[in-house]
Amino acid sequence: MPRTLITSAIPYINGIKHLGNLIGSQLPADLYARYRRAQGDEVLFLCATDEHGTPAELAAAKAGEPVADYCARMWAVQKDLADGFRLSFDHFGRSSSPQNHALTQHFAGRLDANGYIEERTERQVYSRADGRFLPDRYVEGTCPNCGYDRARGDQCENCTKQLDPTDLIDPRSAISGSTDLQVRDTKHLHLLQSKLRGELGDWIDAQDQWPVLTTSIAKKWLHDGDGLQDRGITRDLDWGIPVRRGPDPWPGMEGKVFYVWFDAPIEYIACAGEWAEANGLGEANWRRWWRTDEGADDVRYVQFMGKDNVPFHTLSFPATLIGSGEPWKRVDYLKSFNYLNYDGGQFSTSQGRGVFMDQALSILPADYWRWWLLSHCPESGDAEFTWDGFQAGVNKDLADVLGNFVSRVTKFCRAKFGESVPEGGEWGDAERALVDRLQGATAAYVRHMDAIEIRKAAAELRAIWVAGNEYLQAAAPWTTFKTDPQAAAMQIRLALNLVPFYAALSAPFVPDAARAMAGAMRLDATPWPDDVAGALTALPPGHAFDVPDVLFAKITDDQRAEWQDRFAGTRS
RNA sequence: GGCGGUGUAGCUCAGUUGGUUAGAGCAGCGGAAUCAUAAUCCGCGUGUCCGGGGUUCAAGUCCCUGCACCGCCA
């Protein structure tokens with residue numbers, strides 16, 4: 001049985017993600033996971049929250065909660081939303097898990113033993129009032145270049161000049177506002193990524209099947225960007241994974257934690273450990289997904305992420321794996337996405353512009369969003385969300401083409417033959433032609449899904465839905481019935497069989513509707529229809545069914561106008 | 001300022017290694033049908049493929065250049 005390991009970039013714990021974030025990683029990953037499962041693969045699909053770092057601490061402080069409590073609460077919020085969108089993670093973990101603590105410390109120890117870690121002393125701003133070192137961006141002051149009085153220590157937002165915190169005039173803490181700041185020496189661990197340039201380059205050069213976007217970003221960073229400079233992997237913070245050398249203390253690094261960019265990708269692996277524990281499985285069960293010397297050599301590993309995450313996944317994380325000297329599974333295929341824009345601009349978390357995951361589910365079922373987002377997924381370039389386009393796409397594709405097909409077939413049958421599959425005679429030329437056509441279209445759909453060409457797969461699926469309407473229109477059982485009820489029965493028997501056929505093919509995109517369709521046909525499961533002719537005779541004459549409720553209610557103009565207005569501005 | 005991306009029908013987008021009259025869906029127009037969520041099906045596109053040069057027997061597709069928009073980085 002083929003084995004597929006799938007990870008989605010892990011969302012930061014801080015706040016609720018918008019639809020652009022969703023379609024940039026988690027949703028396409030879920031589509032692929034559902035598809036691979038339907039193909040019979042053994043799939044392990046993992047995601048988690050990325051919980052460490054200063055933003056989480058500050059958000060917790062703002063909420064008046066201990067950071068651990070805040071993260072636990074926000075994890076639950078994100079988990080509920082993932083469930084709401086039917087994201088079928090085998091486990092939704094946390095980068096703050098004990099497993100990730102141990103594994104991150106393990107990797108640091110291995111990297112140190114192999115000569116890839118160096119201790120360096122640097123000068124950073126310390127806030128006595130806050131009792132902590134301040135990351136560059138949390139030092140504010142007046143820009144020496146333009147005089148803007150709210151410039152940050154890493155860059156002035158007003159004139160865009162890059163700054164050091166010590167450049168600022170009248171610097172203050174962005175956290176407390178305190179001006180009682182000092183520059184202090186502090187010691188940190190640096191990962192000597194530059195020593196791994198050769199090995200990383202060879203590995204990336206070998207990935208000739210990756211999208212050009214992915215390899216070009218990786219090579220750029222590898223050869224002339226900042227990506228492979230040695231980087232600090234520790235911070236002077238309380239919230240995070242304590243710096244240890246494997247299980248042992250790291251003298252001189254007491255009170256420090258690993259920097260979030262170092263521990264976050266390791267959570268991909270640790271998450272498998274969390275999954276095993278949550279399901280009462282032993283260590284070997286997760287290691288067979290991640291250690292090529294312990295069973296993972298036949299695993300195909302596919303990662304999903306937004307384009308901004310590509311350097312971390314092609315360079316930093318592989319550097320950690322390679323530098324460990326241990327046979328960890330590395331990514332086989334990396335699918336990256338561009339951005340989704342919102343109505344002519346950007347989705348903006350800080351401005352509350354656009355639609356956020358909780359809001360989306362509050363106004364429409366998950367399937368609406370899944371279908372539209374996936375069928376317009378930003379694969380080749382940035383994509384555009386507009387309410388007009390969303391309304392038109394959803395109403396046409398889901399309500400008119402698919403939903404109405406199920407409705408017209410089941411209601412016609414009920415009226416003429418009752419609520420069970422009628423007998424009728426043998427197929428004729430039109431039916432055989434339809435089967436041939438669907439066999440070809442299904443093969444094309446499978447090719448696109450295998451290649452993770454999501455828009456093309458969606459277009460092919462839609463064409464498959466349309467084929468049912470075309471057949472029905474040409475066969476016209478409502479006319480046939482008047483002169484040849486037996487022929488009409490045969491036609492509607494085939495049309496009814498299209499319902500579970502569509503359910504099987506559509507389930508990766510619209511799982512709830514697929515379940516409803518299968519349920520209406522009184523089926524518990526709909527196997528993948530490799531053999532179309534067989535699939536379209538699966539429901540035998542006499543098989544009882546139910547006329548389902550409307551699968552997809554249409555979005556009205558009033559609704560569209562109201563939502564357009566509601567989500568244009570600021571999220572309260 | 002550097003790097004990268006994008007710019008194709010009213011809208012959202014496809015266009016493989018350059019090769020016949022540039023395509024799809026939506027919207028629009030016309031028609032058929034009336035089983036169905038006023039749904040479906042059929043037919044209909046004279047588009048400076050952003051502008052300007054160039055290479056070629058042949059360019060949306062390659063090269064140069066200009067413009068516009070969008071990112072990333074300094």
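Every chain is numbered from 1, with letters handed out A, B, ... down the list of sequences. Quantities reported herein were computed from a predicted structural model and do not represent experimental measurements.
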Legend entry - Base-pairing assignment for B/U17 (Watson-Crick or G-U wobble, both under 3.5 Å): none
Legend entry - Atom C1', compared across B/G4 and B/A27: separation rounded to whole Å: 34 Å
Inset, instruction - Give a yes or no on whether the ring-centroid distance for A/Tyr342 and A/Phe385 is below 6.0 angstrom. - result: yes
Inset, instruction - Rounded to whole angstrom, note down the C1' distance from B/G45 over to B/U8. - result: 14 Å
Inset, instruction - Give a yes or no on whether the ring-centroid distance for A/Trp465 and A/Trp371 is below 6.0 angstrom. - result: yes
Legend entry - Option among A/Arg560, A/Gln559, A/Lys554 that satisfies the side chain to side chain contact (heavy atoms under 4.5 Å, CB included) test with A/Thr556: A/Gln559
Inset, instruction - Only one of A/Asp367, A/Asp400, A/Asn395 passes side chain to side chain contact (heavy atoms under 4.5 Å, CB included) with A/Phe552; say which it is. - result: A/Asp367
Inset, instruction - State whether the aromatic ring of A/Trp478 stacks on the base of B/C35, taking stacking to mean ring centres under 5.5 Å apart and ring planes under 30° to each other. - result: yes
Inset, instruction - Kindly say whether, by distance alone, the side chain of A/Asp400 makes a donor-acceptor pair under 3.5 Å with the base of B/A39? - result: no
Inset, instruction - Name the nucleic acid region contacted by A/Val409, choosing base, sugar-phosphate or nothing; use a 4.0 angstrom heavy-atom cut-off, strictly under. - result: nothing
Inset, instruction - Respond yes when some side-chain nitrogen or oxygen of A/Lys456 is under 4.0 Å from OP1 or OP2 of B/G15, and no when none is. - result: yes
Inset, instruction - Classify the nucleic acid contact of A/Phe405 as base, sugar-phosphate or nothing, counting any heavy atom under 4.0 Å across all strands shown. - result: nothing
Inset, instruction - For A/Ala476, answer base if it contacts any base atom (sugar-phosphate contacts may also be present), sugar-phosphate if it contacts only those atoms, and nothing otherwise; contact means non-hydrogen atoms under 4.0 Å. - result: nothing
Inset, instruction - Describe the nucleic acid contact of A/Leu551 in one word from base, sugar-phosphate, nothing, applying a heavy-atom distance below 4.0 Å. - result: base
Inset, instruction - Classify the angle between the aromatic ring planes of A/Tyr35 and A/Tyr32 as parallel (below 30°), tilted (30 to 60°) or perpendicular (above 60°). - result: tilted
Legend entry - Pair partner, B/G4 [Watson-Crick or wobble, under 3.5 Å]: B/C70
Inset, instruction - Starting from P on B/C11, measure out to CG on A/Asn341 and report it in whole angstrom. - result: 16 Å
Legend entry - A/Arg408 CZ to B/A36 C1', straight-line distance once rounded to whole Å: 6 Å
Inset, instruction - Confirm from the modelled atom types if A/Gln473 and B/U40 form a donor-acceptor pair under 3.5 Å, side chain to base only. - result: yes
Legend entry - Distance below 4.0 Å between A/Lys416 side-chain N/O and B/C35 OP1 or OP2: no
Inset, instruction - Answer yes or no: does a side-chain N or O of A/Lys396 lie under 4.0 Å from OP1 or OP2 of B/U40? - result: yes
Legend entry - A/Leu398 CG - B/C26 C1' separation (whole Å): 14 Å
Legend entry - N or O in side chain of A/Arg462 less than 4.0 angstrom from B/C26 OP1/OP2: yes
Inset, instruction - With P as the reference atom in both, quote the distance from B/C44 to B/A68 in angstrom, rounded to an integer. - result: 41 Å
Legend entry - Nearest to side-chain heavy atoms of A/Ala399, which nucleotide of B/U37, B/U40, B/U34: B/U37
Inset, instruction - Identify the residue among A/Ile492, A/Leu494, A/Leu496 that makes a side chain to side chain contact (heavy atoms under 4.5 Å, CB included) with A/Val421. - result: A/Leu496
Inset, instruction - Answer with base, sugar-phosphate or nothing: what part of the nucleic acid does A/Gly389 contact at a heavy-atom distance below 4.0 Å? - result: nothing
